[in-house]
Structure formats: C-alpha cells, structure tokens
Amino acid sequence: MTTVNLNVDVHHLTRVEGHGNIRVRIEGGKVKEARWDVVETPRYFEVMLQGKHYTSAGILTARICGICSIGHCLASVRATEDAFGIEIPPLARKLRLLAKHGETLQSHILHLYFLAAPDFLGLPSAIPLATANPTVFHIARRLKGLGNRICDAVAGRTTHPVSIKVGGMARLPERAGLEKLRAELVASTADLAATVEVFAGLSIPDFVRETEFVALKGEKDYPWIGGQLVSTDGVVKPEREYRAMTNEFVTDANTTKWCKVSRESMAVGALARFNLNYRFLHAEAQKVAERLGLKPVNHNPFMNNVAQLVEAVHVAHESIELIDEILRQPASAPISVPVKPRVGSGVGAVEVPRGILYHGYSYDGEGHVTKADCVIPTTQNNLNIHLDIGALVAKLAQQPGMTDARLELLCSMLVRAYDPCISCSVH
Amino acid sequence: MRYLGIEPKRPKIAVVDFTCCEGCELQLANKEETLGPFLGALQVVNFREVSSEKREDYEIALIEGAVSRADETDRLRRIRKQAKVVVAFGSCACYGGVHRMKNAYSLAAANREVYGDKPKDTDLVRPVKEIIPVDLEIPGCPVNKEEVERIVQHLVMEVPYNFPVYPVCVECKQRFTVCRYDLGELCLGPITRAGCGAPCPAGGLGCWGCRGPDADPNYEEFIASAKKRGFGEREIKERMSFFGGFEGVVP
Ligand code: SF4
Ligand code: SF4
Ligand code: SF4
C-alpha cells in the first residue's frame with residue numbers, strides 16, 4: 001500500500017498566452033483529481049462580427065489573438081472570399097504565404113526560446129539569458145526579429161496586419177526590401193543550426209498518450225492555407241465541413257469549448273502537421289527531425305517543441321524560394337481582384353502556429369456578416385491537454401521520490417509544450 | 001542601461017493582462033534590435049506571459065486589456081493599492097478596445113449564441129479608468145513599441161512625456177502616403193491622435209482610429225465631409241465604434 005500524497009494548484013499558469021489553471025490531487029498513490037481548466041474572460045467575437053461589413057471582419061478577428069493575428073486575418077478573408085466566390089491572383093497567394101511564414105517563424109521562436117526553454121534551463125524566464133548567455137539570447141532575438149521583419153514587409157505590420165484584404169493584398173512589398181530579407185534568411189541558417197544544437201542538448205520528458213491528430217491535408221506541399229482536412233485516424237473532410245472535424249461542445253468548468261473527432265480527444269499544431277504531412281517537409285527540415293529523433297507518427301506531446309523547430313527550419317527555407325518566385329513576377333502582375341458581395345456562406349481554414357484555425361461566415365447581399373463561427377486551435381487542444389495531465393500524473397505518481405514541485409513543473413511543461421493560446425481559445 | 005557612465009535607477013515593473021488579445025504585451029518583446037537595452041532599463045518583476053517570477057513589490061503596473069468580469073475588477077483594485085504608477089497599456093485598457101463593441105448586443109443573447117444553454121459569467125466591457133484612477137494612458141491596437149520606449153525613457157528619467165496633439169494625417173503626410181480618400185476609402189486619420197507613424201494608410205488600409213481622438217477633433221466637420229464624399233452613416237458609425245476611443249461622439 002503506497003502512501004504517496006501530492007498536490008498541485010497552479011492559478012494562472014505563467015509563460016503561456018492567456019489564463020488557465022492546473023489542479024492535481026493524488027492521495028495514497030491514487031489520482032483523485034487532475035484538471036486543466038481555462039478561466040479566461042469570454043469575449044464574444046462571433047457576436048461582435050454580426051452586422052459588420054466584410055472590410056472590417058479581418059481587422060476585427062485579427063484582435064482575437066496578438067500572436068497569430070496574421071493567421072486570423074488570413075482565415076477571415078478566405079472565408080469571405082469563399083462566400084463571395086472570389087479567386088485571388090497567384091501573386092497574392094504567394095505574398096499571403098510569405099506573411100504566414102514570417103508569423104510562424106516569429107511565433108515558434110518566441111515559444112521555443114522565451115516560453116519553453118526556461119523550464120529546461122531551470123530559469124524563471126529568458127530575460128536572464130541576456131546577461132548569462134548573450135550568444136543564445138542574440139540568436140533568439142535575431143531569429144524572432146527576422147520573422148517579424150518578414151511580416152512587417154509583406155503584411156504592413158507584425159501584430160494586426162494592414163495589407164491583407166478581401167480579394168488579395170493591398171500592397172506589393174518593395175523589391176529591395178525582399179532582396180534584403182532573402183539575404184537575411186540565407187544567413188539565418190547558421191542561427192537555426194545553432195538552435196538545433198541548443199535543443200538537441202535538452203532532455204525531452206518521455207511520455208506517450210495516443211491521440212487523434214488533425215491537420216490540413218497536403219497535396220503537393222506542406223499545407224498552410226486551405227484544402228482538405230485529414231486525421232491520423234483516417235478521417236478526411238472538405239474544408240467547408242470543418243464542424244464535423246471539430247464538434248465543439250460546452251462544459252461547466254471551462255470558458256473554452258472542447259473538441260473531438262473519432263476518439264475522446266484530438267490534437268492540432270506543429271506535431272499534428274508533422275505527423276500528417278512529414279513527406280512534404282523541406283529536406284533540411286527532415287534532417288533536423290532526424291537529428292532530434294522525431295519520426296511520424298509521434299504521440300509524445302512534449303515533442304511538439306521539436307516539431308516547431310523542424311517547422312521553423314522548413315518555413316525559413318520555403319520563404320527563400322517564395323521570395324525568388326515573387327521577385328520573378330512581372331511588375332504588372334495583379335495582387336488583388338475586384339470584390340462583389342453576394343448572399344452566401346464560406347469557410348477559411350489556415351494552419352496557424354498552434355494548429356488548424358477555421359472561420360466560417362454567412363453574408364447578406366450588401367456584404368454584412370449575418371452569422372460567424374471561429375474554431376481556434378487551442379480550443380481543439382484543451383480537452384487533449386486535460387486528459388494528458390491525467391495520464392501524466394498517473395505515471396509520475398508511481399515514480400519514487402516525486403515531489404509537489406517536480407510534479408507541478410512537469411505538468412506546466414506539458415501544457416507549455418502545446419504553446420496554448422488561451423485567450424484565443426476563449427474568443 | 002548606462003549612458004555616459006551614469007547608472008539610472010531601474011524601476012520595478014509588472015505587466016498584467018485582462019480581457020484582451022495580449023498583442024500589446026507582445027510588443028514589449030518586439031523591436032528586437034533594442035530588446036537588450038530596453039529590458040536592461042527596467043526590472044521586470046511580474047510578467048505572467050513571459051516569466052514565472054511573481055513578485056508583488058512593483059512600482060509601475062502596465063495594465064493590458066479591458067474589464068469584463070467581477071474578478072477582474074477586484075484584481076485591478078489590488079494592483080492600484082500596490083503600484084505607484086498605473087499605466088493603461090493599449091486601446092483595450094484605455095478605451096475598452098474592440099471588445100467594447102460587445103456592449104451594443106444583449107449579454108444574454110450573446111451568451112446564448114456562443115455557449116447555448118451553459119451561459120458564462122460576463123459583464124459590460126469597461127476601460128480601466130472607469131474602475132481605478134489611471135496615471136498614464138498609452139493607446140494603440142497594438143501600442144507602438146517606439147513610443148513605448150520613449151515613454152519608458154521619460155519614466156526612468158522622471159521627465160513628463162507629451163503625446164502628440166495633432167492627428168494621424170500629419171504623420172501620414174510626412175511619409176508621403178497617397179491619401180485613402182483619394183482612393184475612395186474612408187479614413188479616421190483626421191480625428192485620430194498621432195504617434196503610431198500612420199502604418200495603416202501606408203500599408204493600404206484607412207485609419208480605423210485605434211488610438212482614439214486627437215487633442216482637438218472637429219467631429220461635425222469630419223462626419224459632414226465623410227458623408228459628402230459618399231460614405232453612409234452605417235459605415236462611419238461602424239468605424240468610429242471600433243476601438244471604443246470615440247465612445248459618446250459616434251453619430
Ligand atoms: S489594444 Fe489591441 S493589441 Fe492591445 S491587447 Fe487590446 S486588442 Fe490586443
Ligand atoms: S490617408 Fe487618412 S491619415 Fe492619411 S492623409 Fe488621408 S485622411 Fe489623413
Ligand atoms: S493609422 Fe489609425 S488605426 Fe492605424 S495604428 Fe494609427 S491610429 Fe491606429
């Protein structure tokens with residue numbers, strides 16, 4: 001008969017976006033309680049969208065999330081374009097993808113260095129690194145800055161973009177600016193390689209709980225914007241049927257909703273994309289996966305950190321190719337098409353840093369939203385995180401010498417590995 | 001931070017977030033080229049989004065986000081007791097931000113729409129100054145990091161900071177952007193406080209007025225001229241309501 005008693009009570013977990021609580025109670029070696037609860041204040045964006053003009057929808061929904069505002073804006077304009085039957089020019093597609101890559105790079109680097117790494121280094125935050133390990137601090141700062149500069153150049157601003165509009169893009173970045181970014185991207189491979197070595201030296205906790213991963217389905221490329229939806233349990237759905245791939249439901253204890261498809265929970269994000277679309281990754285990114293011991297299908301949620309790093313390498317390389325393609329376009333190539341509102345509904349699915357994001361809108365004939373629905377990546381992950389905590393603490397309770405502090409750290413690291421965007425999940 | 005060998009005092013600062021997108025606090029980690037000196041000028045003792053340190057001995061509290069639930073009101077009052085200087089950081093904190101548009105809908109109906117038969121606790125959205133006295137307001141959605149850096153320099157050196165009194169149009173003209181009105185689009189630049197550097201018109205989007213009114217806005221003339229140019233009441237109203245800064249003067 002074991003006498004293990006453990007308690008974890010984290011109110012407003014740190015180094016994550018938004019407000020969530022972890023509660024674990026183990027008595028006599030038995031898990032009595034193990035919870036992940038989201039207590040963020042609800043914001044009702046879907047209600048505020050009602051009656052808004054289509055030109056405002058992307059500007060409003062960008063404010064769902066300060067970290068992935070470009071992703072929200074892209075999902076929003078795509079939903080509207082789908083509703084209006086608009087096909088945007090190829091150059092606008094490339095520009096949007098480049099802005100998306102800038103956001104993915106900055107977000108993944110922010111998470112890896114500033115939110116996740118301090119746990120592995122025994123630090124409260126990355127701020128002490130500025131003086132304790134300036135080399136690593138400057139690598140993080142440079143890579144994050146590069147991601148932001150790509151967003152600034154293409155989307156007009158990093159947080160809350162201004163150049164993405166229904167019908168395409170509002171502005172073509174200057175040639176000289178793109179050439180400079182290209183050179184910076186080429187030079188960044190050294191910083192990325194150094195980052196791989198930093199993370200290769202960290203010991204990732206060994207934990208597995210099988211789940212169903214969902215992502216966009218790649219056809220020819222590693223997918224980011226639009227297309228079919230696929231799960232590791234073999235479910236395939238068209239973009240417009242995203243509701244069948246999320247099945248949101250409301251619970252009493254949480255202001256977030258919960259989601260599932262074929263199992264008791266589901267997961268989205270870098271690891272889900274990696275698991276489902278590994279073969280489309282850039283060869284350099286595949287090499288990094290191999291170096292860090294990540295193979296599809298991997299069910300260790302802590303490996304989401306590694307998958308983010310693999311993706312950072314992928315987007316850096318693909319951005320170089322994208323810039324080359326953009327620079328090859330004639331100056332006369334259109335970046336937008338005229339917009340004519342019509343009655344109808346549309347959906348936009350976009351892979352944002354934390355997983356697949358959906359916006360679904362209905363419109364009246366004058367271009368005003370009549371109904372809106374947004375399903376956020378972290379909303380799709382919250383139930384999975386909750387169940388992971390249960391499985392993790394059941395395992396850890398059996399380890400000799402486990403303490404409250406150690407259990408709290410590992411539970412916190414588990415939640416952080418998902419890079420949750422909690423205020424986003426309660427939009 | 002040392003300049004000419006003088007060691008200034010580094011104020012202890014807390015960054016706390018309420019109902020918002022956390023985009024303003026993210027700006028603190030942006031503008032990476034000066035991130036080192038910026039962090040060196042301050043002692044960040046409580047900043048949940050980036051640090052596990054949770055000290056309560058801060059002198060300056062940067063408050064991000066609007067207030068929309070009773071527990072947030074209590075938290076704000078506790079912060080006011082501790083902080084010497086309370087800063088409303090970003091348009092959500094200053095004006096309620098985009099969230100304030102929720103107040104135009106019935107809360108019960110909004111709850112039903114989003115949560116069905118399991119409604120959640122929520123209240124009307126209010127800016128920070130309606131709950132506690134605020135010493136300094138830094139508007140913007142998001143805030144402009146360059147402006148934040150300037151303000152922090154003033155705080156550290158104990159020199160008062162003066163926001164621009166003129167409208168966004170001035171900064172827009174300074175960068176030779178084609179006026180959105182000449183392209184047939186609505187823009188709130190003529191009545192909105194400058195300080196952002198007018199990134200929106202330059203990026204291809206009219207000003208949505210995120211920074212709130214300039215020192216001496218002529219609303220009547222602005223609305224009349226917008227209407228004369230063919231913009232309807234509904235569009236003008238939607239635009240002026242967007243970030244809460246023009247609350248009370250929206251037509
Ligand atoms: S003011 Fe804008 S950027 Fe800042 S927290 Fe509010 S919504 Fe986000
Ligand atoms: S675009 Fe807007 S901010 Fe710029 S000059 Fe015209 S009205 Fe003023
Ligand atoms: S141009 Fe207008 S909307 Fe854009 S940042 Fe400045 S004040 Fe805000």
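Below, chains carry the letters A, B, ... as their sequence lines are ordered, and counting in each starts from 1.
Counting heavy atoms from C-beta on, the side chains of T41(A) and D121(B) never come closer than 4.5 Å. By the 4.5 Å heavy-atom criterion applied to side chains, P42(A) and Y115(B) are counted as neighbours. With a 4.5 Å cut-off on side-chain heavy atoms, K165(A) and L205(B) do not count as touching. Contact check for D17(B) versus H19(A): side-chain heavy atoms found under the 4.5 Å cut-off. Side-chain contact check for V16(A) versus R48(B): some heavy-atom pair is nearer than 4.5 Å. Residues I67(A) and E49(B) are in side-chain contact: their nearest non-hydrogen atoms beyond the backbone lie under 4.5 Å apart. At least one side-chain heavy atom of E113(B) sits under 4.5 Å from a side-chain heavy atom of Q50(A). By the 4.5 Å heavy-atom criterion applied to side chains, R69(B) and T255(A) are counted as neighbours.
At a 4.5 Å heavy-atom cutoff, the contact between F137(A) and chain B is made by side-chain atoms alone. With a 4.5 Å cut-off on non-hydrogen atoms, F47(B) does not touch chain A at all. Contact annotation for N254(A): only backbone heavy atoms (N, CA, C, O) come within less than 4.5 Å of a heavy atom of chain B. The part of N148(A) that comes within reach of chain B is its side chain, from C-beta onward, which places non-hydrogen atoms under 4.5 angstrom from that chain. Proximity to chain B is limited to the side chain of H368(A), based on heavy atoms less than 4.5 angstrom apart. H160(A) touches chain B through its side chain: at least one heavy atom from C-beta onward sits under 4.5 Å away, while N, CA, C and O do not. Heavy atoms closer than 4.5 Å to chain B are found nowhere in L123(A), neither backbone nor side chain. With a threshold of 4.5 angstrom between heavy atoms, E46(A) approaches chain B through side-chain atoms but not through N, CA, C or O. Residue R157(A) touches chain B through its side chain alone, counting heavy-atom pairs closer than 4.5 Å. With a 4.5 Å cut-off on non-hydrogen atoms, E72(B) touches chain A through its side chain but not through its backbone. Within the 4.5 angstrom heavy-atom criterion, only side-chain atoms of R234(B), from C-beta onward, approach chain A. No part of S412(A) comes within reach of chain B, as not one of its non-hydrogen atoms sits under 4.5 angstrom from that chain.
Interface remark: of the candidates I127(A), D252(A), D373(A), D252(A) forms the most heavy-atom pairs closer than 4.5 Å to chain B. Among E25(B), M101(B), K31(B), K120(B), the residue with the largest count of heavy-atom pairs under 4.5 Å with chain A is K120(B). For the set C24(B), P199(B), A29(B), A104(B), the count of heavy-atom pairs under 4.5 angstrom toward chain A peaks at A29(B). Contacts with chain A were tallied for T122(B), L39(B), V125(B); T122(B) has the most, counting heavy-atom pairs under 4.5 Å. Between chain A and the options G203(B), G204(B), G23(B), A109(B), heavy-atom pairs under 4.5 Å are most frequent for G203(B). When each of G145(A), S69(A), P124(A), A170(A) is scored by its heavy-atom pairs under 4.5 Å with chain B, the top score falls to P124(A). Annotation: maximal heavy-atom pairing with chain B below 4.5 Å, among E40(A), Q106(A), H138(A), occurs at E40(A).
In terms of the ring-ring contact (aromatic ring centres under 6.0 Å, His included) criterion, residue partners of H99(B) (sequence neighbours excluded) are, by chain and number, F45(A).
Between the side chain of R43(A) and the backbone N or O of C20(B) there is at least one donor-acceptor pair closer than 3.5 Å. Panel note: side chain Y105(B), backbone M48(A); a donor-acceptor pair is recorded below 3.5 Å. Under a 3.5 Å cut-off, the side chain of E22(B) and the backbone N or O of G18(A) do form a donor-acceptor pair.
Shown here for K257(A) and V114(B), the closest heavy-atom pair between the two residues is NZ-O, 2.8 Å. T159(A) and P142(B) get closest at one heavy-atom pair: O-CD, 3.7 Å. When all heavy atoms are compared, the tightest approach of E238(B) to G51(A) is OE1-O, 3.9 Å.
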(Q) Using side chain to side chain contact (heavy atoms under 4.5 Å, CB included), reason through L26(B) and T158(A) one step at a time and then give a plain yes or no. (A) CA-CA 10 Å; L26(B) 187 68; T158(A) 305; over 6 Å; no
Q. Should K54(B) and T14(A) be marked as a side chain to side chain contact (heavy atoms under 4.5 Å, CB included) after you check the CA-CA gap, both sets of side-chain angles, and the distance that decides it?
A. CA-CA 9 Å; K54(B) 285 183 176 173; T14(A) 57; 3.5 Å; yes
Q | S52(B)/R15(A) under side-chain hydrogen bond (donor to acceptor under 3.5 Å, both in side chains): CA gap, chis, key distance, verdict | A | CA-CA 7 Å; S52(B) 298; R15(A) 275 188 285 117; 3.1 Å; yes
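A donor atom on one side chain and an acceptor atom on the other are not found under 3.5 Å apart for E53(B) and S125(A).
Within 6.0 Å of CZ on R175(B) lie more than 12 heavy atoms contributed by other residues, nucleotides or ligands. Heavy atoms from other residues, nucleotides or ligands lying under 6.0 Å from NZ of K237(B) number 12 at most. Counting non-hydrogen atoms of neighbouring residues, nucleotides and ligands closer than 6.0 angstrom, the NZ atom of K118(B) exceeds 12 such neighbours.
When each of R142(A), R149(A), K144(A), R141(A) is tested with E32(B) by the rule salt bridge (Lys or Arg N to Asp or Glu O under 4.0 Å), just one qualifies, namely K144(A).
Residues of residues 56-65 of chain A that come closer than 4.5 Å to chain B, counting heavy atoms only, are S56(A), I59(A), L60(A), R63(A), I64(A), C65(A), ordered by residue number.
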